[in-house]
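Data first, discussion second: the structure below is written as C-alpha cells.
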Protein chains: 2
Amino acid sequence: MSTPIDFYFDFSSPYGYFAAVEIDKLAAKYGRSVNWHPILLGPIFKALGTNSLVTIPVKGDYSRHDMERTARFHNIFYKAPSQFPIGTQVAARATLWVQQTQPAKAADLIKTLYSAYFTEDIDISVPENVLRIAADNGIDRAALETALGTPELKEQLRAATEAAGKAGVFGSPFMIVDGEPFWGFDRFTQLEAFLKNGKI
Amino acid sequence: MSTPIDFYFDFSSPYGYFAAVEIDKLAAKYGRSVNWHPILLGPIFKALGTNSLVTIPVKGDYSRHDMERTARFHNIFYKAPSQFPIGTQVAARATLWVQQTQPAKAADLIKTLYSAYFTEDIDISVPENVLRIAADNGIDRAALETALGTPELKEQLRAATEAAGKAGVFGSPFMIVDGEPFWGFDRFTQLEAFLKNGKI
C-alpha cells in the first residue's frame, strides 16, 4: 500500500489552487491518495523572515503575470481576485473541522472554496461566504458556524501550521511524499517522476 | 528575422548554470539567437529588499536539495561548489570585456566559467582562476588582466546590472523575448511554448 501525498496549501495561494486542481489526478495515476493540509503561510513567513511574493516590488508584478500565464499554459480556469492576498483563517478552520467531522466531504469543500476565490472572485476571508459555500456542499451551516467560534478549532489550525513548519514547509503548494519535499506547482514534473520511479 | 532571447544570469546562480547549459539548444530550435547578459544579483536584491534563496533558513536547505535533484532530473552534470554563493564581479567583468573585444569567444567563455564553478568546484571569484580559464579559451591573459583593473569595466558592469533592473530583471536566470519575461529555469517549458506559438 503506497503512502499518501501530504499536500500543504494556503487558500490565498494561486499556485496552491493550480496544484489543488491537478493533485488528485496525479496521485491516482500512481496509486496514491492525498492528505490535504490547510495551513497559514503568514506565521511561517514571519518565522523565516520571508514575504509573500506579490508584496515585493517588480517581483510582485511579474508574479501576477506569471499566475495568469501559468493558468493558461495548464488550461486551468483562473481569474485574479480583486482582493488579494486575503486572510484564510476561516476557510482553513472550516476545512479542518469538516476533515474531522465529515472527512468524505473535505476535498470537495477545499476545491469549491479555492474555485470560488480564484475563478468567481468570491472573497473567502468573509465568514458568510465560507458558510454559504459549505452549506452548498452539504455541510451543516449552523454546526460549522458554532465550531468556527471555538478556541479549540483556532488552536488546531495554529498547531497544524506549526507542525507544517517543523516538517520543513515554507510555501504553498508544498508536497511531501515518502519524505521527499517538493515546493511549488512547477515541481509537479519532478513530483511525477518521483511517483513513477520512486526516486529522482 | 526573429529577435534574440535576452538571457540574464549571475555566475553564482545554479539555476542560471542549468539554463546556460540548455538555452542555446532551445533558442536554435526556434531560430533565435541568445544575448548573454552577465549581471550581479547583489545590487538588484538590495534594491528590492530580497535575498538569495540559500541564505533563508529551511528554504536554503530545500533549495540545495532541489538544485541537486533538478540537475539529475535534467541530466545536467552538477557538483555543489564548496564556496557558495560567491562574488561574481570578476567573472562578469571578464565576460563583458570579451563580449566587446572578441564577441565570438564570449558564449564559450561563459559556459566554461559556469562549468568550472558548478562541476569542478573551481572558485571563479578568484581572479587568477578566471584569467586561467580565459587563457585556456584563447583569450589574451595579460590584456584581460589589464582590462579588469580599469574603472571603465567596473562601471560597465554596474550600468549593465542597473539596466537589467530597469528591464524588470530580479533573479537568475531571467529571459526576455519579444517583451515577454520568464524567471527561472523552471519556466523553460513556458518559454518554449512561447517561442513555438508566439504567445501563451
Side-chain angles (χ1 to χ4, degrees), chain A residues 8 15 18 41 44-76 78 164-172 174-176 179-194 196-197 199-200, chain B residues 8 15 18 41 44-76 78 164-172 174-176 179-194 196-197 199-200:
Chain A
Y8 298 85
Y15 301 111
F18 302 151
L41 283 180
I44 288 178
F45 284 172
K46 198 172 170 189
L48 300 181
T50 55
N51 262 311
S52 168
L53 204 57
V54 293
T55 63
I56 301 167
V58 187
K59 212 165 170 170
D61 291 337
Y62 170 85
S63 299
R64 288 168 200 270
H65 180 70
D66 184 68
M67 289 160 190
E68 305 259 8
R69 190 173 63 192
T70 296
R72 289 196 301 274
F73 183 70
H74 291 278
N75 291 310
I76 297 171
Y78 171 76
K166 284 188 179 156
V169 174
F170 56 81
S172 167
F174 203 102
M175 290 71 66
I176 302 178
E180 186 74 14
F182 297 89
W183 170 42
F185 182 50
D186 44 27
R187 286 298 175 277
F188 262 44
T189 47
Q190 294 191 26
L191 171 60
E192 174 154 17
F194 184 84
K196 189 174 180 180
N197 306 317
K199 64 183 175 66
I200 298 188
Chain B
Y8 297 86
Y15 301 111
F18 302 150
L41 283 181
I44 288 178
F45 284 171
K46 198 173 170 189
L48 298 180
T50 55
N51 262 312
S52 167
L53 204 57
V54 293
T55 63
I56 301 168
V58 188
K59 212 165 169 170
D61 292 335
Y62 170 85
S63 299
R64 288 168 201 269
H65 180 70
D66 184 67
M67 290 160 190
E68 306 259 7
R69 189 172 63 191
T70 297
R72 288 196 302 275
F73 184 70
H74 292 277
N75 291 308
I76 296 171
Y78 171 78
K166 284 187 179 157
V169 174
F170 56 80
S172 167
F174 203 102
M175 292 71 66
I176 303 179
E180 186 74 15
F182 297 89
W183 170 43
F185 181 50
D186 45 27
R187 285 297 176 276
F188 262 44
T189 47
Q190 293 191 27
L191 171 59
E192 174 154 18
F194 184 84
K196 189 174 181 181
N197 306 317
K199 64 183 174 67
I200 299 188

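Everything quoted here is computed from the prediction, not taken from an experiment. Just so it is clear: chains get the letters A, B, ... in the order the sequence lines come, proteins before strands, and each one is counted from 1.
Using a 4.5 Å cut-off between heavy atoms, L48(A) contacts chain B through both its backbone and its side chain. For F194(A), no part sits under 4.5 Å from any heavy atom of chain B, backbone or side chain. Heavy atoms closer than 4.5 Å to chain B are found in the side chain of F174(A), but not in its backbone. Both the backbone and the side chain of T189(A) come within contact range of chain B, with heavy atoms under 4.5 Å apart. The part of F170(A) that comes within reach of chain B is its side chain, from C-beta onward, which places non-hydrogen atoms under 4.5 angstrom from that chain.
Between F188(A) and F182(A), the ring center distance fails the sub-6.0 Å criterion.
Across G165(A), G168(A), P181(A), the residue that shares the most heavy-atom pairs under 4.5 angstrom with chain B is P181(A).
Proximity of a side-chain donor or acceptor of T70(A) to a complementary backbone N or O of M67(A) within less than 3.5 Å is not detected. The closest donor-acceptor contact from the side chain of Y62(B) to the backbone of W183(A) lies under 3.5 Å.
The nearest pair of heavy atoms linking I200(B) to Q190(B) is CD1-O, 3.1 Å.
Comment: E180(B) engages R69(A) in a salt bridge, judged by a side-chain N to carboxylate O separation of less than 4.0 angstrom.
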